[in-house]
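Residues take their numbers from the sequence shown, with the count starting at 1. If you're wondering where the values come from, they're calculated on a predicted model, not measured in any experiment.
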Amino acid sequence: MKKIASILLVLSFLFAFTSCGVGEEKDKKTTNIENPYDMFHYTHYASGGTEEEETAVVLFEHANATFTSYQIAFISCTCRDVSVNYYSVMYIELLNTKDKPEDCAIRAITFSEGKGLWGDSNPTYGTTDYTPEYFDENFIQPMVGKTKADFDAWGGYKKQIKGIDVDAVTSASVSTSNITSCIKSLFEYHVNKYYADKIAE
């Protein structure tokens, strides 16, 4: 009887040891997953215009002969709780066929339509009319047709690119500045990839 008890005790130790080993090996495999997403940095503006570097993630990228469509995840406003501010997902199409990289333009852009996600406050703090629908009409859709040159000429925090009504979005400097900044950096990512031959000329 003692012999059986001793064997059972040894077997239980062996089982516990091998189980731990399997678990540890499994943990190693799950923690060593390679990041499948491309990323790029952009200048993020905190409340008051403080500049910090943030990273945008390319969730989706599909190129055809005419344009490349992207889904980009990025953080806009960081000054309030995550219950009202979280990552935005922008769907945007950039042209591939312009003769000069600076003429590359936005073909389409949305934060809705099942392609994107408005991750900022709704409505914007202190301005009840500034809903995602308001931003789409007064800020997002007017960007269609704007070029890399337009974004390169952008003046930074609290400024708008040419053709955007500054007065219409004046109370949303953080949100509009960060969206603009992210698109400006996306243009750099895009032309380095799809206009490399023209940049080299």
Is it the case that the side chain of [X] and the backbone of [Y] share a donor-acceptor pair, with hydrogens and angles ignored and the cut-off at 3.5 Å?
X      : Y      : answer
Asn96  : Ala63  : no
Thr68  : Leu94  : no
Ser181 : Tyr42  : no
Lys98  : Ala105 : no

Original post:
If you count the non-hydrogen atoms of other residues, nucleotides and ligands that lie under 6.0 Å from CD in Gln141, is the total more than 12?
Top reply: yes
Subject >> Contacts of Asp129 that satisfy side chain to side chain contact (heavy atoms under 4.5 Å, CB included) - sequence neighbours left out >> reply: none
Original post:
side chain to side chain contact (heavy atoms under 4.5 Å, CB included) between Ile75 and His44: does it pass, once the steps are laid out?
Top reply: CA-CA 8 Å; Ile75 193 74; His44 178 272; 4.1 Å; yes
Subject >> Stepwise side chain to side chain donor-acceptor pair (under 3.5 Å) check, Thr147 with Asp150 >> reply: CA-CA 5 Å; Thr147 66; Asp150 292 326; 3.2 Å; yes
Original post:
Do the ring planes of Trp118 and Phe111 sit parallel (below 30°), tilted (30 to 60°) or perpendicular (above 60°)?
Top reply: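 Aromatic pair Trp118/Phe111 classed perpendicular.
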Original post:
Taking the six-membered ring for Trp, are Phe40 and Tyr189 parallel (under 30°), tilted (30 to 60°) or perpendicular (over 60°)?
Top reply: tilted
Subject >> Worked check of side chain to side chain contact (heavy atoms under 4.5 Å, CB included) between Ile183 and Met90 >> reply: CA-CA 9 Å; Ile183 295 172; Met90 170 176 60; 3.7 Å; yes
Original post:
What residues, two or more places apart in sequence or in another chain, satisfy ring-ring contact (aromatic ring centres under 6.0 Å, His included) together with Phe139?
Top reply: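 So Phe139 forms no ring-ring contact (aromatic ring centres under 6.0 Å, His included) with any residue.
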Distance, nearest 0.5 Å, that separates [atom1] of [X] from [atom2] of [Y]:
X      : Y      : atom1 : atom2 : answer
Ser47  : Tyr157 : OG    : OH    : 5.5 Å
Leu95  : Thr66  : CG    : OG1   : 8.0 Å
Thr131 : Asp136 : OG1   : CG    : 9.5 Å
Ile109 : Ile179 : CD1   : CD1   : 7.5 Å

Can you confirm whether the side chains of [X] and [Y] place a donor and an acceptor under 3.5 Å from each other?
X      : Y      : value
Asp120 : Ser175 : yes
Gln160 : Thr176 : yes
His41  : Thr55  : yes
His190 : Tyr70  : yes

Original post:
Among all residues two or more places apart in sequence or in another chain, which pass the side-chain hydrogen bond (donor to acceptor under 3.5 Å, both in side chains) test with Gln71?
Top reply: none
**OP:** Salt-bridge test for Asp38 and Lys193: reply yes if a basic N is under 4.0 Å from a carboxylate O, no otherwise.
**Re:** yes
**OP:** Start with the C-alpha gap between Val58 and Tyr37, add the side-chain angles, then the distance that decides, and say whether side chain to side chain contact (heavy atoms under 4.5 Å, CB included) holds.
**Re:** CA-CA 6 Å; Val58 181; Tyr37 300 107; 5.8 Å; no
**OP:** List the steps and the verdict of side chain to side chain contact (heavy atoms under 4.5 Å, CB included) for Glu113 and Tyr91.
**Re:** CA-CA 9 Å; Glu113 301 176 13; Tyr91 174 82; over 6 Å; no
